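I have placed the structure first, in the form of structure tokens, so that the comments after it can refer back to it.
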Amino acid sequence: MSITIKNSVKWVGKIDWELRKFHGDEYSTHRGSSYNSYLVEEEKVALIDTVWGPFAREYVDNLAQEIDLRKIDYIIANHAENDHSGALPLLMEHIPDVPIYCTKKGVQSLQGLYHQDWNFEVVTTGDKLSLGDKELIFVEAPMLHWPDSMFCYLTGDEILFSNDAFGQHYASEFMFNDRVDQAELFAECIKYYANILTPFSPMVIKKIREVLDFNLPLDMICTSHGVIWRDNPAQIVEKYLQWADNYQENQITILYDTMWESTRSMAEQIAAGIRQGDDQLTVKLFNLANTDKNDVITEIFKSKGILMGSPTINNGILVSVAGLLEEIKGLKFKGKKAASFGSFGWSGESVKIISERLADSGFDIIDDGLKISWSPDEDTMARCREFGINFSRRMSP
Ligand code: FEO
């Protein structure tokens, strides 16, 4: 199956409706995904990216129905990660001498993954490849999403092929941003940014400014996952600039796990206190033991403050809380306030442990935290509400 995107540009990728986990078990994909590959048939023919390995056979068979593979003049590997390069080994069996255009680190990654000495052509920002009347212009985009990543831009049709950037894990039969449910689309976009691109936000801003400085007209952004932005493509660029700038909404998120309901009761009383302190704040609670990790990270991304709670177990914290703390350490959130809470029976280390780990992860700890022994009574419930009120009042800059 192919879909004409514009003039001589066709989508020749794979929609993966069944995908529910990506990056191994690292990223939940409730709405599937797609691996977008594009065929540009001008005087010269270029193939931009491929698909994930499990779909290699299907991809190459479909591509061979679309075009005699020997007519492909150039392969562009914007990013070597397996979900874009996985079909290369099979494809290259058919056309072993076709040059593969990629960055220097792209060569390193592709050789590391596939151990093949293909005909690599290294490109850097500003290099051009003529397809006849139109040309591809390459722009290195390190860390969007790997050090090897790059974009390419097709003159004439004014299309930016952005690979991972501006994408989302969202399977859709319609492929275009104006043809899908907008709430679903932007929920997947912000989840993708929060979970994958947050650590690279300074580079996102720098790279977008660099591309805008080229003053290239932009009619479409063809990503490598999810929809093609043809209706006002600048809207997702503007969103990225907002998200990359220490984004936050007027939200506090409470994250906890519980053994015998005491820490859960604390969480609910703290939430009541926050509402009492500032009823304009959105407050959301999640039990980490039964909530999708990536959805939780998206909520943290949207928050100006978080509260994290665990009871004390074996002088430590519950594993669901420890796991999330490990995860968010690598995401390098900035400008977010935090505090911890938890119940205990004997030793009571959990609050200190959580606060220290949140501080190590870049959160601004604005309270020593609240720990209560055994189960909460009227008096300690009131302390939890007071804790919530005080936290809410510290949200203003
Ligand atoms: Fe879609 Fe970084 O791979």
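Because the structure is predicted, anything quoted here is derived from the model rather than measured. Order of appearance sets the numbers: ligands from 1, and atoms from 1 within every ligand.
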Should the pair Y240 and F166 be assigned to parallel (<30°), tilted (30 to 60°) or perpendicular (>60°) ring geometry? tilted

Within the 3.5 Å criterion, strictly below it, is a donor on N294 or K191 matched to an acceptor on the partner's side chain? no

Test side chain to side chain donor-acceptor pair (under 3.5 Å) applied to N163 and D49, N78, N36, the passing residue: D49

Does the distance from a Lys or Arg side-chain N to an Asp or Glu carboxylate O, for D364 and K336, drop under 4.0 Å? no

Mind listing the protein N/O/S atoms less than 2.8 Å away from atom 1 (Fe) of ligand 1? Waters don't count. D83 OD2, H84 NE2, D164 OD1, H225 NE2

Closest heavy-atom pair, S85 versus Y114, reported as atoms and distance to 0.1 Å, is OG-OH, 2.7 Å

Which distance, rounded to the nearest 0.5 Å, do you find between the OG1 of T298 and the OH of Y192? 13.0 Å

